[in-house]
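Proteins get letters first, then strands, A, B, ... in listed order; numbering begins at 1 in each. Quick note: numbers below take in every heavy atom, side chains included, and nothing from hydrogens, waters or symmetry partners. These numbers come from a predicted model, not from an experiment.
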Amino acid sequence: MPKLDSLKTYREKRDFSITSEPAGLEKKAGAKKTALSFVVQKHWATRLHYDLRLELEGTMKSWAVPKGPSFDPNDKRMAVHVEDHPISYNTFEGEIPHGQYGAGKVIVWDKGIWIPLEDPHKGYRDGKLKFELHGHKLKGHWTLVRMKNTQGQKQEAWLLIKEKDGYARPASEYSVVDEMPDSVSHLNIPQILASAESPTFSASRKASGTGKNMVLPVSAVKADPPRMLEPQLATLVDGPPADPAEWIYEIKLDGYRLLTRIDGKEIRLFTRNGNDWSHKLPDLLKAISKMRLKPGWLDGEIVVLNEKGIPDFQALQNAFDTERTQSISYFLFDLPFYDGYDLRPCSVIERRELLKTLFEKPAPEQIRFSEVFDAPPDAVLGSACRLGLEGIIGKRKTSTYVSRRSPDWIKLKCARRQEFVIGGYTDPKGSREGIGSLLLGYYDEDHQLQYAGNVGTGFNDKALRDLKAKLERISSESSPFVRGSAIDKKAHWVKPVLVAEVSFGEWTRGGHIRHAVFRGLRTDKKAEAIVREKPVHADSARADSSASIPPSLRITNPDRVIDPSSGFKKIDLIRYYALVAPLMMEHLKGRPVSLVRAPDGISGQLFFQKHWDKENMRGVSQLDPDLDPEHEPLLEVSTAEGLLSAVQMNVIEFHTWNATKDKIDKPDRMVFDLDPGEGVQWPHIRESAQLVFIFLKELGLKSFLKTSGGKGLHVIVPIKRFYNWDTVKEFSQAIVQHLAATIPRRFVAKSGPRNRVGKIFIDYLRNGFGATTVSAWSVRAQPGLSVSVPLAWEELESLTSGMRWSASNIHERLDRGNEPWADYQTVKQSITPAMKRLGFKPNRENTKQKTA
DNA sequence: GCTATTT
DNA sequence: AAATAGCAACGCGTC
DNA sequence: GACGCG
Ligand SMILES: [Mn+2]
Ligand SMILES: [Mn+2]
């Protein structure tokens, strides 16, 4: 009997006028029950988890399993006991709205019936349930046990454990949550005695008259095949995507893409550009018709296999040239339409499953099913390359069929390989006939034909003669390549109409290909469409290309706006720091650093941070506590990754000390921070910096300039690490006081905004122990996200503002980089002579370590 | 943004 | 699990 | 001693 208030907690937590979850007000089912239901709902709430619910006493007893179930009996999965849910919740799928309890997406990840193996009421009370699950994914014998010490607490911790039986599998070999991530809501409740079937398919819908075992995926839509169909194309990537469980891999076949339309008795074959090649492939046509297929579209690739069973592109071309096309094989890998259904909305897995059923009856030898390889992508690619294949094709398991190039289909190539325009050729040497090499090119963004180097190998004798003949027919007086291309003077030019497929080792920095091998002429591609192919990262092919961002770094809320004035996002700041990291690390290395963080963007409350005891900021390390024994350990950004992991923690600014960790009590620089007061015009700031420069020069001190990113400028004086902090600070104060005394209209040496109205306070206080100044290349947490940038003194005159550069326009400055400060490292000046010139006497107390 | 605490 | 609370520097100079 | 600056 259900307790009357069993669902009280459930209802209290939810507002059913807002959420679409069931209120569970329906009448409880009658006492007689044939079977108890169970459901596992995958719930993307604050964190992803799996809610296991077992029907008992008229409600669904529920546990939240953060890691989800495991078939490995050695895995004990934490299962937090949560409030009972109504049975009607079992079919709930959807989005729980923002602000509601458990906001986020919910899917029915598994469902079925459960059979208690011992008295479930007693077991539930006592904290030990043994049961069998009969679901689509979860099967076999399981146990839920309550952990000690947790009984009575509001949230009891239980453990979900797989018992040893025929369904148990080691975690190293199988992860059900990874391999079966999707919803089963469209499937029927499995029957206990139902035969093992692919869980992806419903047995309830069958297409008429197809193979006996053909079942239709639910996403199939009734539709007649269209007259034309454009193929789905794959995106070139430079490596497999991160999650291998989401992808299947097939061999990339080196031939021509061919789509087949079956329309009653008529069968037509189309190339990827929609050319009807039916007449060119009579044998293939005959073979397909023998399969007696229903109307639809087949998708695949035609190839000629060599004696080793490897596709041979040149042999394929030969077959067409000589009209001996019997040797052509057709490898089918997709089935976008079939037997009155549009299968494009189905997943590629489902379409392939259907396609495979077409091969259950013996099929003609030329027609093949393109198998997938059940191994990690690197291994598949490796063996494909060793076999001399072109590469592999990856398809996202859940992807639907779309008539365009899609990031859900990817190609991973063995060698780099692409088509080039033939722009000329050289004469053969020695005994070779025909041509020596082909001059290759590709069109750039401005549609100029760029020279890409030569290819001189990979031809057989016939290819050499044929090419020569073809090239002579299109010969030209002048070079088709863009002016200034450095090409052999004895070359023969041709009109840029022929396209060659070439494999090669790599691109040189000069934009030429190395180790090129000719693979054949392409007649299915237009010369004007040939561009330089650039592989992208598979994981970023969808949207952004994240250049040098380590994959280990998790960026949460990448699209959060940091600066509302510019719309600059967190991910943009990550990219900025990734970009300037090599330049900025020179200024950070070895120096204690302080961070300015902006958890709510720059318009929110900022805070300053000097310490961090967590170990979750990779690349930011704690320094020796002895450096500053009075406080928590200081920080150092020790690697470029540290910059990025800091940004993940909403760090915007990086401020450094004037000393390095290897000699923390002797500053290695002085900073003069020019802080203009109210009403100071830019030209005055500029001239004042110049005056500081001149005065320092008179003292014999070389100085370096940078923008502050704010209103003012920073002047840095690198010094020998000789005097202690107090001495250096007092000397810097003396310099500022001297300037303020000699040019009182311009400078003040006294801090406080009141003192500097219309004047510039030269802040020498940055020179104390523990004081910091914003680092070069740091972004400032202010509207516009300006950046502190190193400058040469010669640039000062044309400088328009201390905020001249920002995170958005820094690319204009990257080429200059740290160049303006090139001699910074070599300047190791003693300030002793400067002290003498200024008449500054170091305090005895401050210089006692000084011996000579 | 993260962690510990509470329910 | 989910919501919530607490946390993340410091010294110096000026008045 | 409080305030405020970076
Ligand atoms: Mn949940
Ligand atoms: Mn300043």
By the 4.0 Å heavy-atom rule, please label [X] as base, sugar-phosphate, or nothing.
| X | answer |
| --- | --- |
| A/K13 | nothing |
| A/A45 | sugar-phosphate |
| A/T772 | nothing |
| A/G768 | nothing |
| A/Q100 | sugar-phosphate |
| A/E632 | nothing |
| A/R554 | nothing |

Are any of [X]'s side-chain N or O atoms less than 4.0 Å away from OP1 or OP2 of [N]?
| X | N | value |
| --- | --- | --- |
| A/N557 | B/dG1 | yes |
| A/N616 | B/dT3 | yes |
| A/H655 | C/dA9 | no |
| A/Q605 | C/dA8 | no |
| A/K614 | C/dA8 | no |
| A/N755 | C/dC15 | yes |
| A/K750 | D/dC5 | no |
| A/H611 | C/dC7 | no |
| A/R560 | B/dG1 | yes |
| A/T556 | B/dG1 | yes |

_Strictly below 4.0 Å, N to O, side chains only: are A/R721 and A/D668 in salt-bridge contact?_
no
_Testing the basics here: between A/T727 and A/N724, what is the closest heavy-atom pair and its distance to 0.1 Å?_
OG1-OD1, 2.7 Å
What is the distance, to the nearest angstrom, from the [atom1] atom on [X] to the [atom2] atom on [N]?
| X | N | atom1 | atom2 | result |
| --- | --- | --- | --- | --- |
| A/D15 | C/dA2 | CG | P | 18 Å |
| A/D559 | B/dG1 | CG | P | 12 Å |
| A/Y764 | C/dG13 | OH | C1' | 7 Å |
| A/D763 | D/dC5 | CG | P | 12 Å |
| A/F769 | C/dA9 | CZ | P | 16 Å |
| A/I96 | C/dA3 | CD1 | P | 10 Å |
| A/F761 | D/dG4 | CZ | P | 17 Å |
| A/D613 | B/dA4 | CG | C1' | 13 Å |

Of all the choices, [options], which nucleotide is nearest to the side chain of [X] once you look at every atom?
| X | options | answer |
| --- | --- | --- |
| A/D673 | D/dG6, C/dC10, B/dG1 | D/dG6 |
| A/R597 | B/dG1, D/dG6, C/dA9 | B/dG1 |
| A/S751 | C/dT14, C/dC12, C/dA9 | C/dT14 |
| A/L765 | C/dA2, C/dG13, C/dC10 | C/dG13 |
| A/Y101 | D/dG6, C/dA2, C/dA8 | C/dA2 |
| A/K729 | B/dG1, D/dG6, C/dG13 | C/dG13 |
| A/H43 | C/dT14, C/dC10, C/dA2 | C/dA2 |

_Distance under 6.0 Å and angle within 45° of ring axis: A/K729 vs A/W725_ = no
*Quick one: does A/D126's side chain have a donor or acceptor within less than 3.5 Å of a partner on A/K128's backbone?*
no
*For the side chain of A/K42 and the backbone of A/V108, is there at least one donor-acceptor N/O pair under 3.5 Å apart?*
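Not a single qualifying donor-acceptor pair exists.
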Say we look at [N] and [M]: how far apart would their [atom1] atoms be, to the nearest angstrom?
| N | M | atom1 | value |
| --- | --- | --- | --- |
| C/dC10 | B/dC2 | C1' | 23 Å |
| B/dG1 | C/dG11 | P | 29 Å |
| D/dG6 | C/dA8 | P | 24 Å |

*Please list, chain by chain and in numerical order, all residues satisfying ring pair (Phe, Tyr, Trp, His ring centres under 6.0 Å) with A/W109, sequence neighbours excluded.*
A/Y50
_Near-ring test A/F769/A/W657, centroid separation under 6.0 angstrom_ = yes
*If we ignore angles and hydrogens, is there a donor and acceptor under 3.5 Å between the side chains of A/R554 and A/Q648?*
no
